[in-house]
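Residue numbers start from 1 in every chain, and the chains themselves are labelled A, B, ... in the order their sequence lines are given, proteins ahead of strands. Note that the coordinates shown come from a computational prediction; the quantities given were computed from them, not determined experimentally. Below, each value reflects all heavy atoms present in this structure, side chains not excepted, and no hydrogens, waters or symmetry copies.
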2 protein chains.
Amino acid sequence: MTYTIVYDILKTYNIYMNRVVNLKISTKGRYALRLMVDLAQRKPGENVALKEVAARQEISLKYLEQIITVLTKAGYVLSTRGSNGGYRLAHEPDYYTVGMILRLTEGSLAPVACLEGDENTCDRREQCATLFVWEKLQKAIDDVVDNITLADIIANSADNYVI
Amino acid sequence: MTYTIVYDILKTYNIYMNRVVNLKISTKGRYALRLMVDLAQRKPGENVALKEVAARQEISLKYLEQIITVLTKAGYVLSTRGSNGGYRLAHEPDYYTVGMILRLTEGSLAPVACLEGDENTCDRREQCATLFVWEKLQKAIDDVVDNITLADIIANSADNYVI
DNA sequence: TGTTTTCCTACAAGTTAAATAGGTTATTGT
DNA sequence: ACAATAACCTATTTAACTTGTAGGAAAACA
């Protein structure tokens, strides 16, 4: 309430807090990746309660539940109900690329909509001078996320290994 | 109004139109780039009325006015008022990289906030296993946008050159 | 003096991210 | 049997932002 008033005053003077959101990976994708890394760091086949992950990663349990639903439905993680239940990876850590996880949770990693399906193509496509810029950008993004696996992340962070 | 009702019904059933916005360049950045390319394609020193650019690019004049204000204040374009007035590039087309234009209009091209300034760093940084993924991603993005100039775009689109 | 064009400020609607909330179902240990 | 645990399901909320629209003022030229 107080915040709203302050925000409105700032807006009146065109002073925004300017938290830039463009070209950003959302919390959904970032949390999904941290969640998967967390699972990958446990013993293979061990059930991990989401509550523990939430505590370790300092992410709201309820929010994590929503995120892991997508991963479960995609067959990326397996779930067991009841006490001693929890989640575990369906495959080895080197099976999962960052791209797989981000695309599933973010929806798409194309920097512009016209590169998404075949149906978002605009009628200016033929004369679009900037299209090749976006194509190059998309390729660069794909090259990164499709060539890093959960195993790579764990290996890389071996120094800072927690627990 | 009709749309709102339909939207609410869809929302009730958790059916969203799911226009994914993540990792997207906004219209502001895209239009700014098209605007600059358009200016770069004119004769050097020639004043181009924004009205013409708006017509050619099929973008709202009023919206373009807001966008070019930023480019003008940054010294990227020069303006002349009155009839026969308009805008022109302050430098040669090979002076401007895509990165310069996008960073100015989008604000930042970092895929996560913690890579932005020095002040957005979170307290989990030391133990963040995924940080190096974002760093690689940012480097890949920068490598693309900082190595394409307006001159490159024009040269590349020479085939589809319009007018 | 009228027209053209930049320049300035305000505002609004739709949409989304980022959770919060509360409950139901399945499984296991006691 | 039953209590505890943990996954699963559905709805709701709120601030914030994108993507414009709108109306006019100031400057320059014919």
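- A donor-acceptor pair under 3.5 Å is absent between the side-chain atoms of B:R88 and the main chain of B:R42, judged by distance alone.
- The shortest distance between the side-chain N/O atoms of A:T80 and the OP1/OP2 oxygens of D:dA7 is not below 4.0 Å.
- The CD-P distance, from A:E46 to D:dA6, rounds to 13 Å in whole Å.
- When the P atom of C:dT6 is taken as reference, atom NZ of B:K51 falls 10 Å away, rounded to whole Å.
- A:E116 has a carboxylate O that lies under 4.0 Å from a charged side-chain N of B:K24, or vice versa, which qualifies the two as a salt bridge.
- Looking at A:Y96, its side chain does come within 3.5 Å of a backbone N or O of A:H91 through a donor-acceptor pair.
- Look at CD on B:Q66: it is 17 Å from P on D:dG24, rounded to the nearest Å.
- Salt-bridge formation is not detected for the pair B:D38/B:R34: no Lys NZ or Arg NE/NH1/NH2 atom is positioned less than 4.0 Å from an Asp or Glu carboxylate oxygen.
- Atom CD of A:E52 is separated from atom C1' of D:dA7 by 14 Å (rounded to the nearest Å).
- Between A:L50 atom CG and D:dA6 atom C1' the separation is 9 Å, expressed in whole Å.
- Comparing A:K73 and A:G82 along DNA chain D, the residue whose closest nucleotide (by nearest heavy atom) sits nearer the 5' end is A:G82.
- When the side-chain nitrogen and oxygen atoms of A:T27 are compared with OP1 and OP2 of C:dA18, one or more of them lie within a distance under 4.0 Å.
- When the P atom of D:dA7 is taken as reference, atom CG of A:L61 falls 8 Å away, rounded to whole Å.
- If you take CD1 of B:I25 and P of D:dT19, they are 11 Å apart, rounded to a whole angstrom.
- In this structure, OH of B:Y63 is placed 19 Å from P of C:dA10, rounded to the nearest angstrom.
- Considering only side-chain N and O atoms, A:S60 lies under 4.0 angstrom from the phosphate OP1 or OP2 of C:dT20.
- For B:S79, a side-chain nitrogen or oxygen approaches OP1 or OP2 of C:dC7 to under 4.0 Å.
- Checked for salt-bridge contact, A:D142 and A:R103 meet the test: a charged N lies under 4.0 Å from a carboxylate O.
- Residue A:Y31 places at least one side-chain N or O under 4.0 Å from the OP1 or OP2 atom of C:dA19.
- Comparing B:E65 and A:Y87 by the nucleotide of DNA chain D whose heavy atom lies nearest to each, the residue mapping closer to the 5' end is A:Y87.
- Within the 4.0 angstrom heavy-atom criterion, no nucleotide atom of any strand lies near B:T69.
- In this model, the phosphate group of D:dT5 is not approached by any side-chain N or O of A:N84 to a distance below 4.0 Å at OP1 or OP2.
- Nearest nucleotide to the B:K62 side chain, out of C:dT27, D:dA27, D:dG23: D:dG23.
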